[in-house]
Amino acid sequence: MTNPPPHTTHTTKHGTDMPDQSQHPSFRYTAQLARDIETRWQQYWSESNTFRQPNPGDSDFDVNKPKFYCLDMYPYPSGAGLHVGHPEGYTATDIVSRYKKLTGHNVLHPMGWDAFGLPAEQYAITTGVHPAITTKNAIETFKRQLQRFGFSYDWNREVSTIDPDYYRWTQWIWLKAYHAWYDTNQDRARHVDELINELEAGTICVGCEDAIVHTSNEESSADDVRSWRDLDPQEQRRFIDNHRLAYLDEQMVNWCPKLGTALANEEVIDGKSERGQHPVYRKPLKQWMFRITAYADRLLNDLADLEWPESTLAMQREWIGRSEGAEVDFPLAEAPDDPTKTLRVYTTRPDTLFGATFMVVAPEHPLIEDVLKNPRQETDVDALRTYVEQARHRSDLDRMAESKEKTGVFTGIYAINPVNNSNIPIWTADYVLMGYGHGAIMAVPAHDQRDHDFARAFDLLITQVITGGEVDIRDEAWAGDGVSINSANTENGIDINNLPTEQAKEKITAWLEEKNIGKAKVNYKLRDWLFSRQRYWGEPFPIVFDQNGNHYAVDEEHLPVLLPEMEDYHPIESDDPQPLLAKATDWVHTTAGEAGVSPDVLDPAETVIRETNTMPGWAGSCWYYLRFCDPRNNDRLAGQDAERYWMTGAVDDKQATSAGVDLYIGGAEHSVLHLLYARFWHKMLYDLGEISTSEPFIRLFHQGLITSFAYQRADKSLVPTDDVEEIGEDKFVEKANGKPVTQVTAKMSKSLKNVINPDDIIHDFGADTFRLYEMYMGPLEATKPWNTRDIVGVYRFLQRVWRLVINEETGELMLQDQHDDQLERALHRTIAKVGSDIDRLAMNTAIAAMIEWTNQAIKVGRLTADQLERFAIILSPFAPHIAEELWSKLGHESSITQATWPTVDETMLQDETIELPVQIKGKVRSRINVAPDADQKTIEEEALKDPRIQELIADKAVRKVIVVPGQIVNIIV
RNA sequence: GCCGGAGUGGCGGAAUUGGCAGACGCGCCGGAUUCAAAAUCCGGUGCCAGUUGAUGGCGUGAGGGUUCGAGUCCCUCCUCCGGCACCA
């Protein structure tokens with residue numbers, strides 16, 4: 001530990017910056033002094049490596065302290081630099097981290113850069129500079145800005161997703177998924193070799209459509225199951241490839257010609273790209289996918305154990321979209337006895353089967369293709385073809401623009417409703433989506449509003465089969481629960497009449513299963529995750545293809561597969577999907593040996609081509625919190641001891657204390673995408689034995705959006721915030737011409753001209769004030785408007801603290817020996833409150849408590865050294881620089897971060913007497929002073945003795961006295 | 001439409017478990033300091049009535065309810081923010 005810096009009077013050195021310096025005492029807490037103190041301490045922290053946190057195994061690691069992993073969502077380093085939203089969450093985690101350190105924890109508080117991805121590439125394209133350079137510059141700016149806030153990050157652990165030492169492990173994790181399959185019997189992922197072993201041993205056979213059939217489950221009927229030996233090598237390869245967790249598949253993708261890439265469903269909003277709002281079209285393309293759907297149930301169920309915001313839990317549940325229902329096979333009327341010619345549907349309401357009066361299939365449904373090839377008697381081929389073509393070419397955007405007016409065409413085919421044997425027509429309509437269920441529905445117009453709308457539009461039969469609700473079934477559907485009616489058929493032996501919905505569902509599902517025409521089925525909205533991007537600025541896949549199009553993994557030892565240097569990285573803007581890396585021809589065409597494919601799998605001399613897609617921006621952020629545990633490890637994604645310690649607290653013979661990152665703070669915009677993807681990767685790595693916990697983040701918190709005032713002219717055009725002057729209550733004018741403008745609150749954005757630059761605020765007030773202001777604005781989770789006018793409140797607070805103890809002429813401490821008893825008790829209360837407020841992330845009330853105490857202290861006069869010491873410690877998480885300065889003035893040679901959080905004496909938490917309000921019939925009429933531990937009887941006597949109360953109840957009979965000790969007295973007359 | 005959250009002074013907000021509504025800060029008003037201004041400091045500040053004061057009444061989006069007591073719990077409704085949305 002080096003000595004703290006001397007207290008040089010930088011005020012004189014930089015006196016020229018402040019012409020009126022001579023008029024002021026030299027040691028007044030001005031913005032200038034704040035800047036001085038702050039930069040001096042930041043330099044000290046950096047030089048002394050103050051925030052370094054040792055790992056298990058390091059000589060200075062303290063095994064006796066509990067661990068706390070406090071994580072920020074690392075930023076995307078854009079060229080624009082930090083905005084005021086960044087430091088909001090970062091200040092909160094910094095307060096918690098510093099507090100945890102002071103309360104004796106080993107604290108992991110890291111920071112890094114999410115630097116791959118679309119925006120960096122597009123920024124590079126617009127500026128004409130290579131993304132590697134623009135990104136490096138942006139990172140430097142971000143880092144410099146973050147350090148200016150005095151955040152206590154352990155910069156030794158800094159990681160960047162574009163660093164080959166980092167993305168080597170991103171590729172490694174992807175390979176893990178590539179080499180894994182999901183065993184539904186054990187409900188976990190396993191290595192593909194184990195699948196092959198089981199296939200060879202015969203415990204697993206190959207079912208129809210390459211399904212995995214566990215022979216022990218007896219679910220197989222002998223005729224449609226084949227054994228592994230019966231497959232030829234190409235079939236075997238296909239079987240394995242079809243079960244990898246990372247697999248190649250031809251998908252209808254969201255193709256964005258403007259961005260020149262396919263996008264995940266999650267990245268498409270209202271038919272436009274999330275980035276840039278460009279139109280997106282549907283197009284078939286061979287893509288790498290992740291089998292996230294295998295984890296649907298676990299991703300859903302494990303939400304129960306997480307301390308996450310209710311809204312985020314709800315959004316994840318909705319995204320996974322689990323629903324319970326039944327699958328039903330409807331025979332076709334043209335081939336009633338052919339079990340291969342049925343129309344399979346999914347329904348959540350099997351109890352309404354008797355009300356199914358028609359069926360609808362998606363325009364992309366295979367049945368439509370069949371009908372167009374072999375039209376039936378009633379098929380209007382032209383109408384059908386036109387409709388299907390339209391639906392195919394219509395982008396999602398167009399669909400959104402239209403109303404939900406129902407359109408559709410009759411196919412000419414009829415199905416048989418299996419419960420009552422009636423012939424029902426099969427229609428096609430675009431309100432049925434191919435991607436959900438089986439792309440086909442049984443329509444129950446009486447009890448589903450969409451089917452009702454459709455039936456009304458095309459004059460189809462509406463049959464009521466549920467009572468309940470007060471709606472007229474001719475006007476609208478009744479979709480709620482009720483009691484089944486018109487739902488019996490003796491011929492088929494089914495009767496669910498008079499059963500409430502739940503029981504009706506059970507009974508009819510059992511009947512379907514017995515007749516072998518349906519079964520209970522759980523469905524999810526969650527789809528597999530499209531993981532290929534056709535861009536340059538991302539991680540290359542560690543994969544090559546041979547001449548036949550078979551794919552082979554690059555061996556682990558040959559990672560990373562480096563992103564090739566390219567001169568021309570502009571996108572190939574096209575309707576015909578082409579990955580950008582295809583331009584790097586020298587890199588693309590190589591040999592198996594050169595690429596690093598194991599000679600056991602492929603002859604090293606074999607010519608191969610590399611995969612030219614890259615991974616999406618999400619890849620790096622799916623696991624960065626694991627890398628922070630041990631960021632320089634060259635043998636693993638993180639050393640096992642380090643990973644286990646930071647994620648669970650277990651080390652040596654110490655037991656696990658938690659199950660993941662203890663606190664994760666970031667924006668609510670990541671409620672689904674990042675947080676779902678990261679949970680998925682985490683569970684995969686957990687299944688494969690690479691990490692210790694089944695969930696990554698125990699406690700999650702979203703900081704609220706910081707909005708800002710924007711100003712509009714009468715014609716709605718915007719005026720920059722700086723060009724506006726307030727001339728009276730809620731009256732604002734444009735400085736240039738004095739014309740009135742109106743104030744609106746909106747998200748900060750360049751286009752609204754209402755962006756606040758953190759650098760300016762730090763220059764005008766200092767980082768300590770900035771940190772305090774953002775924490776004091778309101779609850780951390782709330783959306784709050786930035787108001788520069790209010791900053792002075794917390795600035796004055798720091799000035800008062802300073803002046804309370806510092807002689808502004810000499811810079812010397814002013815203290816006294818004897819403490820004031822009331823103030824001492826108040827200090828204990830404040831210490832307790834600040835601690836518990838930090839624990840519940842109520843930074844605003846913690847600061848209010850410190851202000852309150854300071855105001856009280858000013859009235860008292862002076863502090864003792866001991867009081868200042870304790871106050872400096874509780875202030876230090878919030879305003880670390882001024883706290884360090886006071887701490888060193890108190891004579892300490894080491895940093896205040898080495899201090900110990902002051903202890904609270906329980907007996908000091910209350911004053912010797914407390915004031916209790918006395919109510920008469922619920923209205924406060926007087927107050928009495930009693931001992932804090934006074935019993936009910938004493939309090940009641942005191943209350944009734946009170947002169948004011950005596951006066952008011954003189955002529956009335958007291959019926960009852962309610963005494964809540966320590967709280968209140970209520971007299972009922 | 002469905003899901004999640006929120007409505008409290010002129011403004012940001014506090015009240016952690018049903019117990020003094022409005023902590024703390026901004027702004028505003030008055031005063032000190034200053035030649036003056038800025039900055040800073042001290043005092044006041046929910047609304048209405050009361051000449052001042054004591055004091056009284058009203059008051060947490062609206063209406064009703066439970067309770068000795070409701071910002072907090074229950075019912076009905078309104079508004080705003082965020083998310084999802086033809087998912088069968």
Side-chain angles (χ1 to χ4, degrees), chain A residues 20 23-24 28-30 270 309-315 317-319 321 323 325 345-349 352 360 399-400 404-406 429-433 435-444 447-451 453-454 479 523-527 668-669 671-672 702 704-705 707 726 729-730 772-773 776-779 781-787 789-797 799-800 803 808 833 836-837 839-840 842 844-852 855 858-859 915-924 927 959-964 966-973:
Chain A
D20 56 349
Q23 298 173 21
H24 289 295
R28 173 172 275 193
Y29 189 82
T30 57
D270 293 352
E310 203 47 55
S311 59
T312 299
L313 293 173
M315 281 163 74
R317 278 190 212 105
E318 273 174 33
W319 191 263
S323 71
V345 302
Y346 174 73
T347 177
T348 54
R349 292 297 298 272
T352 62
V360 186
R399 281 200 198 181
M400 290 302 298
K404 287 179 182 172
E405 204 69 18
K406 292 290 179 289
D430 63 6
Y431 83 93
V432 174
L433 310 173
Y436 185 78
H438 301 283
I441 61 157
M442 62 177 217
V444 184
H447 304 292
D448 182 287
Q449 194 55 47
R450 293 154 303 179
D451 298 344
D453 294 344
F454 195 80
N523 239 334
Y524 301 91
K525 287 190 209 170
L526 185 70
R527 312 292 158 77
E669 68 273 19
S671 293
V672 179
H702 299 307
L705 195 67
T707 57
E726 185 169 4
E729 262 180 61
D730 291 324
L772 279 174
Y773 173 64
Y776 192 60
M777 287 171 78
E781 69 275 21
T783 301
K784 309 164 278 272
W786 178 278
N787 196 346
R789 187 182 76 182
D790 290 344
I791 298 175
V792 71
V794 285
Y795 183 53
R796 284 177 191 155
F797 161 57
Q799 289 180 320
R800 285 200 299 275
R803 198 172 45 246
E808 293 188 337
K833 178 159 176 61
S836 65
D837 278 358
D839 277 329
R840 60 188 188 99
N844 53 335
T845 51
I847 294 166
M850 290 189 286
I851 295 175
E852 223 174 331
N855 291 346
I858 286 168
K859 288 203 177 71
E915 196 181 66
L916 284 193
V918 181
Q919 297 180 329
I920 295 175
K921 289 192 4 189
K923 289 193 193 305
V924 179
R927 290 164 197 286
R959 290 211 310 241
K960 196 174 173 188
V961 180
I962 288 141
V963 177
V964 185
Q967 296 280 357
I968 207 161
V969 182
N970 194 3
I971 299 167
I972 315 302
V973 291

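Residue numbering restarts at 1 for every chain, and letters A, B, ... go by the order of the sequence lines.
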Go through [options] for me and flag the one nearest to the [X] side chain.
X: Lys784(A); options: G13(B), C24(B), U40(B); result: G13(B)
X: Ala848(A); options: C86(B), G12(B), C24(B); result: C24(B)
X: Arg789(A); options: C20(B), G27(B), U16(B); result: G27(B)
X: Ile851(A); options: G83(B), G5(B), G25(B); result: G25(B)

Return the value, rounded to whole Å, for the distance between atom [atom1] of [X] and atom [atom2] of [N].
X: Lys525(A); N: G83(B); atom1: NZ; atom2: C1'; answer: 12 Å
X: Leu705(A); N: G5(B); atom1: CG; atom2: C1'; answer: 15 Å
X: Arg317(A); N: C2(B); atom1: CZ; atom2: C1'; answer: 15 Å
X: His438(A); N: A88(B); atom1: NE2; atom2: C1'; answer: 11 Å
X: Ile791(A); N: G25(B); atom1: CD1; atom2: C1'; answer: 13 Å
X: Asp451(A); N: C86(B); atom1: CG; atom2: C1'; answer: 10 Å
X: Phe797(A); N: A39(B); atom1: CZ; atom2: P; answer: 21 Å
X: Glu310(A); N: G5(B); atom1: CD; atom2: C1'; answer: 10 Å

Applying side chain to side chain contact (heavy atoms under 4.5 Å, CB included), run through Val672(A) and Glu318(A) and close with a yes or a no. CA-CA 10 Å; Val672(A) 179; Glu318(A) 273 174 33; over 6 Å; no
Could you tell me the separation between the CD1 atom of Ile968(A) and the CZ atom of Arg927(A), rounded to the nearest 0.5 Å?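 Separation between the atoms: 9.5 Å.
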Any side-chain heavy-atom pair of [X] and [Y] under 4.5 Å:
X: Arg803(A); Y: Tyr29(A); result: no
X: Ile791(A); Y: Trp786(A); result: yes
X: Tyr773(A); Y: Asn787(A); result: yes
X: Asp448(A); Y: Met442(A); result: no
X: Val444(A); Y: Arg349(A); result: no

Between the protein and nucleotides 65-70 of chain B, which nitrogen or oxygen pairs are less than 3.5 angstrom apart?
| residue | atom | partner | partner atom | Å |
| --- | --- | --- | --- | --- |
| C68(B) | O2' | Asn970(A) | ND2 | 3.4 |
| C68(B) | O2 | Asn970(A) | ND2 | 2.7 |

Kindly give the atom pairs (protein nitrogen or oxygen, nucleotide nitrogen or oxygen) under 3.5 Å for nucleotides 44-47 of chain B.
none

With rounding to whole Å, what would you report as the distance between U67(B) and G18(B) at their C1' atoms?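 About 9 Å, rounded to a whole number of Å.
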Which part of the nucleic acid, if any, lies within contact of [X], taking any heavy atom under 4.0 Å across all strands shown: a base, the sugar-phosphate backbone alone, or nothing?
X: Asn855(A); value: sugar-phosphate
X: Val794(A); value: nothing
X: Ser323(A); value: sugar-phosphate
X: Pro779(A); value: sugar-phosphate

For the student: nearest non-hydrogen atoms of Trp319(A) and Lys525(A), plus distance: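 Looking at all heavy atoms of both residues, the closest pair is O-CB, 3.9 Å.
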In terms of heavy-atom contacts, Ala848(A) and Tyr776(A) come closest through N-CE1, 4.0 Å
Taking the chi torsion of G9(B), is it syn (within 90° of 0) or anti (everything else)? syn
What does the list of N/O pairs under 3.5 Å between the protein and nucleotides 41-43 of chain B look like, with a distance for each?
| residue | atom | partner | partner atom | Å |
| --- | --- | --- | --- | --- |
| C41(B) | OP1 | Arg803(A) | NH2 | 3.3 |

Both Ala849(A) and Asn844(A) contact RNA chain B. Which one's nearest nucleotide lies toward the 5' end?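 The residue mapped nearer the 5' terminus is Asn844(A).
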For RNA chain B, whose closest nucleotide is more 5', that of Pro917(A) or that of Gly778(A)? Gly778(A)
According to side chain to side chain donor-acceptor pair (under 3.5 Å), who are the partners of Asp453(A), at least two apart in sequence or on a separate chain?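 Counting only residues at least two positions away or on another chain, Asp453(A) forms a side chain to side chain donor-acceptor pair (under 3.5 Å) with Gln449(A).
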Would you say C58(B) has OP1 or OP2 under 4.0 Å from some side-chain N or O of Lys923(A)?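 Lys923(A) to C58(B) OP1/OP2: side-chain N or O found under 4.0 Å.
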Under 4.0 Å from OP1 or OP2 of A88(B): is there any side-chain N or O of Tyr346(A) that close? no
Not counting sequence neighbours, which residues clear side chain to side chain contact (heavy atoms under 4.5 Å, CB included) with Lys784(A)? List them please.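 Side chain to side chain contact (heavy atoms under 4.5 Å, CB included) check on Lys784(A) returns Glu88(A), Met777(A), Ala782(A).
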How is the base pairing of RNA chain B summarised as a dot-bracket string, given the Watson-Crick and G-U wobble criteria with both distances under 3.5 Å, [ ] for crossing and | for another strand? (((((((..(((......[....)))((((((.......))))))((((.....))))..(((((..]....))))))))))))....
With no hydrogens and no angle check, is any side-chain donor or acceptor of Tyr346(A) less than 3.5 Å from a backbone partner on Gly325(A)? yes
